[in-house]
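Just so we're clear, the structure is a prediction, and the values are computed from it rather than from any experiment.
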Amino acid sequence: MQLVRVALDVPLDRCFDYRVPEGVSLTAADVGVRVRVPFGLKSRIGIVVDLPAASDVGDSQLKALEEVLRDTPPLPPDWFQLCQFCARYYQVPLGEVMLSTLPAGLRRIDPPKARTPRRTASAVETTTPPALTDEQAAALAAISADPGFSAYLLHGVTGSGKTEVYLRLVERVLAAGRQVLLMVPEINLTPQLEARVSARFPDAQLVSLHSELTEAARTRHWRAAFEGSARIVLGTRLAVFTPMPELGLIVVDEEHDASFKQQDGMRYSARDVAVFRARDRDIPIVLGSATPSLESWANATDTRTPARYRLISLTERAVQSARLPAVQRVDTRLEKLQDGLSDRLLKAISERLARREQSLVFLNRRGYAPVLTCTACGWISHCRRCAANLVLHLADGRLRCHHCGFEIRVPKACPTCGNQDILPFGRGTQRLEEVLSERFPYARILRVDRDSAKSRKQWEALVERIRGDEVDILVGTQMLAKGHDFPKLTLVGVLGADAALFAADWRAPERLFAQLMQVAGRAGRAELPGEVLIQTQYPEHPLYAALVRHDYAAFANAQLKEREQAGFPPYTFQAMLRAEAPQMADAIAYLASALAWDGAAEHPEVMLYDPVPMRLARRANMERAQLLIESPSRRALQVFLTAWRDHLAAIKAPSRLRWHLEVDPYEF
DNA sequence: AGCACGCCGACT
DNA sequence: GTCGGCGTGCTC
Ligand SMILES: [Zn+2]
Ligand SMILES: [Zn+2]
């Protein structure tokens, strides 16, 4: 009797053995094949991970597999390595990793029939490569000197020509008959890079992979990569799991971006997974950014430890028209503000209007106002399901919770006392848009945030309008900061940045600096110099001082010093155990039981903190708490977590309680 | 995680 | 009398 061991998408840390039915025979080459198996009362798709000679389960309990699915070749050994690494490192069952990273069409029993893709006979306009600067040439030479594993941190400001370096590397790798994986943080950024890459390599098939693709398209693209017909895969974080038999290079663009971190299910960092993959495949990986994550910066520059990444800096402008903007601080303690806007910023906007140039006012808070209040009784718009306020969205007349999606119509009077005088408190992009249209009644104003650009299509339409010079003043959130070049934009005003300086989240300054560098990069070029005005009450703050000098390294080194003194990552390794339940007491009790584990004594290098309610203590009617785990050794942390997991699973808790572990947590 | 089985409160 | 609440246990 032949047996197979199958990984299934169930939150159980083990695989399941099945009999191979009469007339079917599997060989070692079939490890990695997908199978349909009976599980409980239903059927599921699983992946064959082994052909064991015997099972721990008695013969009578073994069921026979139902079908061997041969619509794709067996998943390859290096893909197994990748999944096994994630299972170990992120403390997730192997089956969950394997199945959840597969396109839905390949993990479902009844995938909808794939329609033949419409032929998009896009007559790609080919481009010829520009000449490289000396720096770019040196970067290219350094990275392509060794076809084996090396991680390169490519640090270069806007206009320094990182993308051109990627393209030259891609060219060489394609010429060597290998495939390339290009990763970008957001779906919004795929079309423009896709256009640029296709134009350069019209003969190499490129496929995109991101969550907005239909199930059928995603499956098709995934297959093309796996079968090798696609030579270039361009995608968001989920693309890192695409099997690519001839992979020769990985590029992670904007490597610092938080979007590479998955925030639900298996909470992996696609950038870190990509580095593992490159090492495992023995190929180079390039991490590019104008503002690298502090983890990467430390990996590349800390001289006390052997460098894990090789730093390559692009300091010259390679794009002829590129020119860094003049960044200035507007001291809002001295200037009186009108609706949150300083005279200086208003005047700068007027000048741009007169010169028919574009301005951008950056405010990272969508909606009209963060809260609605009653002046008579003190009522405030509170979400009934979360420990958070409902945000006023005047554009569609609703109060909306940004955490759970709950929404109601804006009341005409106070719900508790009937007072008609209820007022918005604070400012979001919608209100800013309104204020600006009062000040500049003849200006064409466009708001760009997640509410006005819900999909990639809507976003592209807005970008068209901006580039088509149909807009004078842009109001927007960080959506606007990423990626796009707007040639007529010469002014960026920044509002409300100070909040991040003193936020409880110790990563806030790092994010703020990256965001401001990025948004500042939107302003100006050689023929139309740019200006950035940052409204702040703390103009002497070192973060702004570094920003004015465009000095990422100074900022990063200072931050790293602070992190080291405070004992924060990357100088320590962390994991977070979170629990949520209808009652906070249950969540805390679960974490307390987790903490009370005798086995912890055998892990002296691991430090456990007391359970505490999360900052957003209730979300969608679930009360949330967390427990921080810390160790100076990544290895010790992983060993501890692996041992701890059995104890965690055995803790008795109310059925409505949910818990999860996050390794290298990003949010606190 | 699902999903079934199973044993006690308030409905027709 | 039963509908359904969720506690408990299992999945090869
Ligand atoms: Zn009131
Ligand atoms: Zn809510």
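OP1 or OP2 of C/dT11 has not a single side-chain nitrogen or oxygen of A/Lys63 nearer than 4.0 Å.
If you run ring-ring contact (aromatic ring centres under 6.0 Å, His included) between A/Phe241 and each of A/Phe85, A/Phe80, A/Trp222, A/Tyr268, only A/Tyr268 comes through.
Among the atoms of the strands shown, none is found under 4.0 Å from any heavy atom of A/Pro654. Counting any heavy atom pair closer than 4.0 Å across all strands shown, A/Tyr18 reaches sugar-phosphate atoms only and no base atom. Backbone-only engagement by A/Arg658 is indicated by non-hydrogen atom pairs under 4.0 Å involving sugar-phosphate atoms exclusively.
Among the nucleotides B/dA1, C/dC12, C/dT8, the one closest to the side chain of A/Leu12 is B/dA1. Of the candidates B/dC3, C/dC6, C/dC12, B/dC3 carries the atom nearest the A/Lys42 side chain, counting heavy atoms from C-beta on. With C/dC12, B/dC3, C/dT11 as the choices, the nucleotide that has an atom nearest any side-chain atom of A/Leu62 turns out to be C/dC12.
In this structure, A/Leu41 and A/Ser655 both approach DNA chain B, and ranking their closest nucleotides by distance from the 5' end singles out A/Ser655.
Summarising the geometry of A/Asn364 relative to A/Gln478, their closest heavy-atom pair is OD1-N, 3.3 Å, with the distance given to 0.1 Å.
A/Arg19 and A/Asp59 are not joined by a salt bridge, as no carboxylate oxygen comes within less than 4.0 angstrom of a charged side-chain nitrogen.
Spacing between atom CE of A/Met266 and atom C1' of B/dA1 amounts to 17 Å, rounded to whole angstrom units. Residue A/Arg107 contributes atom CZ, which lies 17 Å from atom P of B/dA1 at whole-angstrom precision. Summarising the geometry, the separation between CZ on A/Arg14 and P on C/dC12 is reported as 10 Å, rounded to the nearest angstrom. Rounded to an integer number of Å, the gap from A/Ile47 CD1 to C/dC12 P is 18 Å. As a whole-Å value, the separation of A/Arg656 CZ from C/dC6 C1' is 10 Å. Atoms CG (A/Asp9) and C1' (C/dT11) sit 14 Å apart, rounded to a whole Å. Between the CD1 atom of A/Ile45 and the C1' atom of B/dG2 there is a distance of 17 Å, given to the nearest Å.
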*Would you please test A/Arg107 and A/Asp9 for salt bridge (charged side-chain N to carboxylate O under 4.0 Å, His left out) and show each step?*
CA-CA 9 Å; A/Arg107 63 169 186 257; A/Asp9 189 11; 5.4 Å; no
